[in-house]
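To start, the structure itself, in structure tokens.
Below, chain A is the first sequence line, B the second, and so on; all start at residue 1. Everything quoted here is computed from the prediction, not taken from an experiment. We use all heavy atoms of the structure for the numbers below, so side chains are in, but hydrogens, waters and symmetry mates are not.
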Protein chains: 2
Amino acid sequence: MMVTICEVGPRDGLQNLPLTFPVEERIRLIAGLAAAGLRSIEAVSMVSPSRVPQMAGAEEVLAGLPELPGVHLSALVLNLRGAERALATRVQGLRFAVVASDTFCRRNQGMSSEDSVAEFARAAEAARGAGRDITAVVATAYGCPFEGEVPPDRVAGMVAALVAAGADRIVLADTIGVAVPGDIRRLHRHVAPTLQGRPWGVHLHNTRNTGYANLSAALELGATVVDASIGGLGGCPFAPRATGNIATEDVNYLMQREGIATGLDHDRLSALVEDLAGRVPDKITGQLSRAGWFGERAAS
Amino acid sequence: MMVTICEVGPRDGLQNLPLTFPVEERIRLIAGLAAAGLRSIEAVSMVSPSRVPQMAGAEEVLAGLPELPGVHLSALVLNLRGAERALATRVQGLRFAVVASDTFCRRNQGMSSEDSVAEFARAAEAARGAGRDITAVVATAYGCPFEGEVPPDRVAGMVAALVAAGADRIVLADTIGVAVPGDIRRLHRHVAPTLQGRPWGVHLHNTRNTGYANLSAALELGATVVDASIGGLGGCPFAPRATGNIATEDVNYLMQREGIATGLDHDRLSALVEDLAGRVPDKITGQLSRAGWFGERAAS
């Protein structure tokens with residue numbers, strides 16, 4: 001089974017830094033990630049630059065990128081307006097964030113959880129009309145900083161609606177990094193019957209050192225989409241301590257050592273991490289660039 | 001099934017710091033760990049103070065501790081001489097480190113891997129004679145910094161010899177933090193038939209962010225001993241980048257959220273981590289004291 005690592009560093013990573021990377025640097029990072037073997041990259045976010053200045057200039061980033069054959073570029077969007085912006089660019093896919101918990105949804109995207117699903121349906125229709133694919137990313141699927149535990153059947157109900165509305169794949173996000181492997185398994189039991197055969201995956205934060213254990217559980221359950229961020233950059237504006245997506249270079253180590261092909265080049269990933277470490281040294285949570293590889297490497 | 005968390009911070013943690021904690025502080029730390037609910041503490045190491053100055057004064061530390069009812073205190077030992085030193089103190093148990101890879105064994109304890117098993121047998125006899133228990137900790141069981149991969153059947157052969165020599169339990173150590181969950185499962189398949197019913201466990205380093213995934217795999221396989229270090233302090237003198245045992249406070253989160261009783265008090269553990277963070281801020285790899293608990297807490 002092929003597992004796709006979706007690189008979210010240029011979006012989730014950079015978005016949460018205390019400094020703003022200029023467009024040129026973002027272009028260089030994305031091109032470097034593609035050169036390291038990544039075949040799916042969430043390159044930009046279509047949000048208001050006044051709310052998230054780190055993500056300003058999405059169109060310029062996309063226009064400035066060279067041809068990247070075989071690389072699926074996507075944009076994160078939160079509403080129909082963002083989807084329409086994205087569809088006017090070269091991205092092949094939208095990643096639309098809906099939110100499982102109402103309070104978080106209202107604060108993050110200014111609408112109810114139910115309305116975010118309805119908005120997803122409109123974006124899915126627009127994407128289909130433009131010949132692009134759309135991924136539904138279900139934020140706070142494993143817990144909410146405001147509401148606490150999120151009932152798995154609520155998430156399953158949303159997933160059923162998202163699939164009915166045309167989601168090409170579903171990504172369950174542990175936005176604030178609270179899940180343990182048992183939660184990954186429990187939610188999967190609820191959600192699996194609603195997927196109708198759609199691929200599913202996980203977006204994990206390592207806030208409580210459970211991210212890689214959760215990854216391992218998800219892979220065992222057949223997840224085929226894994227979000228990861230170079231260096232482990234990342235966070236969540238409403239969960240200030242939710243630092244750190246699982247790191248692309250560490251995901252690559254775990255998967256390759258488990259015998260799962262990734263197509264990623266450890267040395268090139270490490271070089272990118274070293275570059276980032278020069279800019280934001282205390283934000284690097286990935287460990288492979290420091291600790292080094294162990295054992296045989298898969299051909300890349 | 002009861003799982004025993006063996007706290008190794010006072011030994012593996014402090015031993016690898018760039019500064020030496022005075023005896024009084026070590027006593028306070030051990031007493032604090034007991035107050036936080038730990039029922040098994042590797043309190044000291046019986047090694048030469050000229051080689052490991054951080055561990056000097058083991059006898060003073062043990063003599064200075066108050067009565068700790070219900071707490072199993074142990075000493076790490078590498079040879080018969082260390083075992084005899086430990087048996088002259090109040091510790092209830094020895095933790096004897098043998099090494100699965102020859103090169104590492106010669107550098108760390110100045111004898112061959114085979115000789116370390118023979119030395120273990122002598123220490124086990126002495127422990128039995130003194131009415132104490134003995135744990136065999138098999139270092140580099142998942143990989144060696146000098147020899148690379150360690151064949152699982154070599155480890156299984158050692159475990160069979162250690163059990164025959166009187167080991168009360170076996171701890172398989174990923175000394176340099178290279179294992180992935182598949183390695184934990186593979187080694188367990190080899191080792192399980194040799195255990196003769198003895199309890200087994202793991203000693204894990206999070207050097208490549210796989211430590212907690214490995215913990216999760218080991219718990220699923222029925223491990224009943226889990227080494228952990230407060231704050232995630234720890235390392236390995238011959239693996240300079242092998243920073244960080246899995247952290248007691250993060251192990252506590254993962255286990256409790258999985259429904260496995262630990263008896264540990266999150267707030268007390270966090271307070272201990274905060275104290276340590278005042279002394280060695282850049283050595284704290286545990287995340288719970290910073291990120292905070294999520295969800296219900298088990299009664300402690």
key: Whether B/E258 side chain and A/V180 backbone form a donor-acceptor pair below 3.5 Å   = no
Side chain, backbone, both or neither of B/L288 within contact of chain A (heavy atoms, under 4.5 Å) = side chain
Donor-acceptor contact present, side-chain B/R208 to main-chain A/G292, <3.5 Å = yes
query = Do other residues, nucleotides or ligands put more than 12 heavy atoms under 6.0 Å from the CZ atom of A/R39?
reply = yes
inquiry  = If I compare all heavy atoms of A/N209 with all of B/G286, which pair ends up nearest, and what's the gap?
reply    = ND2-CA, 4.2 Å
query = Of the backbone (N, CA, C, O) and the side chain (C-beta and beyond), which part of B/R186 lies under 4.5 Å from a heavy atom of chain A, both, or neither?
reply = neither
task = Considering non-hydrogen atoms only, spot the tightest contact between A/C144 and B/F294 and give its length.
result = O-CE1, 3.5 Å
key: B/Y253 versus A/V178, closest heavy-atom pair with distance   = OH-O, 2.7 Å
query = In terms of heavy-atom proximity below 4.5 Å to chain A, should B/E220 be classed as side chain, backbone, both, or neither?
reply = side chain
request  = Measure distances from B/N206 to the heavy atoms of chain A and classify the residue's part below 4.5 Å as side chain, backbone, both or neither.
outcome  = both
ask   = Which heavy-atom pair separates B/A213 from A/S216 by the least distance, and what is that distance?
value = CB-CB, 4.3 Å
remark   = Looking only at B/D183, B/D250, B/V251, B/I246, the option with the highest number of non-hydrogen pairs under 4.5 Å against chain A is B/D250
ask   = Should the heavy atoms of other residues, nucleotides or ligands under 6.0 Å from CZ of B/R154 be counted, would the total exceed 12?
value = yes
